[in-house]
Protein chains: 2
Amino acid sequence: MLKSVVGKGEATRQAVLDSATEIASRIGLAGLTIGSLATHTGMSKSGLFAHFQSKESLQSQVLARAREQFVDLVVRPALAAPRGETRVRELFERWLGAGKAGASCCLFVSAAGEYDDQPGAIRDQLVRDHLDFFESVELMFRTGISEGDFRADADPAQFAHDVHGIMLAFMHAHRLLGDPAAEGRARRAFDSLLAAARAPK
Amino acid sequence: MLKSVVGKGEATRQAVLDSATEIASRIGLAGLTIGSLATHTGMSKSGLFAHFQSKESLQSQVLARAREQFVDLVVRPALAAPRGETRVRELFERWLGAGKAGASCCLFVSAAGEYDDQPGAIRDQLVRDHLDFFESVELMFRTGISEGDFRADADPAQFAHDVHGIMLAFMHAHRLLGDPAAEGRARRAFDSLLAAARAPK
DNA sequence: CACTTTTTAGCACGATCGTTCGCTTGAAGG
DNA sequence: CCTTCAAGCGAACGATCGTGCTAAAAAGTG
């Protein structure tokens, strides 16, 4: 007979992964422990562990989950917006929104800091995700060039780098310092960036 | 008899602190363990622990040490440069150099990610350090305004935020992605920032 | 209903965590 | 030479880490 599309195990695995992603976004991917995760989900340590073959596998799946969330929340909606500057603006707004909400955004930021000097599968995965995302950003910007919104000699990679910096500075000011002016400054910096990249009328 | 200016205990405490700062800049402040630190310094766990009343105290002292290093390597040399844009440029160059070398720079970045959602003494200390540094940056920029190098209506806080973003993006690209183009992009972004802030001739 | 497979809990393991305590040691002071 | 004292070590503590093994409970299937 056909097995049900999602077994019970898969369902709880997803639920645990959700909790894990939320916890890891607060205390970091390396700081996530199986014991605390079990307590937080009301499961036994061993029962929970059975779903993940190792801690590294758990971390890897958490990272994959965060990536999904980020794509759903930020990248996909941006791609649904009209090509050109509008799409780039949408990307920024969604990204900013995700940064304010916490979740996947913070996870990538803190994980990048934790694993930038520790070779291994997790680091590799992190690098791939970052490169993929940068590529998406560059593509959106490049589309803006061919649409005539941005200057033809603008550097897409430089743009991706710059907007990434704006977001990182925003998250630090917002989450660590609790600075209420952070969002406004991020918007202002992004506007300047766009103004510099805009095609001369 | 006069006791020697620095007792033996103080000397080893400083040595341990040096090792601790270096380790913490690689694996994070929270990931630093007393056992590994003892092994790395060739001391016994208890002998080492005797110098610090608790792990939190150790972390706090490591943070203070990193702050000193950063001030010595970045802030002080900048203040020794001529007032105005030259000084701001010197700050950026030193900051970039410290970021490439690793050490204290990375520690603050990763620690900010680890403690941004974990209230306590460490987080408070981290916030104070960041605010202090931002204040220094703003002051240097403000001096540039009164020297006539920068536009009078430029926003010092916004400038500090923006250059912070450039450095964060650089460190991510340099340390996590190993991107050799990172430094050039950081310089380019900084030049654009300066160009926008410069007083009209 | 019985039966099979999947999912979970209980328990235990070696290692390591932060921390305490008592002891040895080597140098300084009288 | 004897005393004193800072400095460091060794052993041990309770807790928790990641990870297996086994049995019970639950879910799915006929």
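Within every chain, numbering begins at 1; the chains are lettered A, B, ... in the order of the sequence lines, protein sequences first and strands thereafter.
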Gap between atoms CD and P, on A:Glu10 and D:dA27 respectively (whole Å)
17 Å

Taking the minimum atom-to-atom distance to the side chain of A:Lys55, which one of C:dT19, D:dG18, D:dG8 wins?
D:dG18

If you compare all heavy atoms of B:Leu177 against all heavy atoms of A:His130, which two are closest, and at what distance to 0.1 Å?
CD2-CB, 3.8 Å

Side-chain N or O of A:His51 versus OP1/OP2 of C:dT8: is the shortest distance under 4.0 Å?
yes

D:dG10 base / B:Lys45 side chain donor-acceptor hit below 3.5 Å:
no

On DNA chain C, nearest-nucleotide positions of B:Gly35 versus A:Gly42: which is more 5'?
A:Gly42

If you look at every strand shown and take non-hydrogen atoms under 4.0 Å, does A:Ala50 touch a base, only sugar-phosphate, or nothing?
base

Between C:dC13 (P) and A:Phe49 (CZ): distance, integer Å:
18 Å

Any luck finding a side-chain donor-acceptor pair between B:Ser57 and B:Gln61 under 3.5 Å?
yes

Counting side-chain heavy atoms from C-beta on, which of D:dG10, C:dA9, D:dT19 comes nearest to B:Ser46?
D:dG10

Spacing of B:Leu48 atom CG relative to C:dT20 atom C1', expressed in whole Å
15 Å

What is the distance, to the nearest angstrom, from the CD atom on B:Gln53 to the P atom on C:dT19?
11 Å

Can you find a heavy atom in the side chain of B:Asp117 that is under 4.5 Å from one in the side chain of A:Ile27?
no

Measure CE/A:Met43 against P/D:dA25 and give the value in whole Å, please.
16 Å

So, the side chain of A:Gln125 versus the backbone of A:Ser60: is there a donor-acceptor pair under 3.5 Å, distance only?
yes

Quickly work out the A:Arg13 CZ to D:dA27 P distance and round it to whole Å.
19 Å

So, is A:Thr33 near the phosphate of D:dC17, with a side-chain N or O under 4.0 Å from OP1 or OP2?
yes

Heavy-atom nearest nucleotide on DNA chain D for B:Thr12 versus A:Glu56: which residue maps closer to 5'?
B:Thr12

Can you confirm whether or not the ring centre of A:Phe133 sits under 6.0 Å from the ring centre of A:Phe108?
no

Spacing of A:Leu29 atom CG relative to D:dG18 atom P, expressed in whole Å
12 Å

From CG of A:Leu37 over to C1' of D:dT16, roughly how many Å is that when rounded to an integer?
15 Å

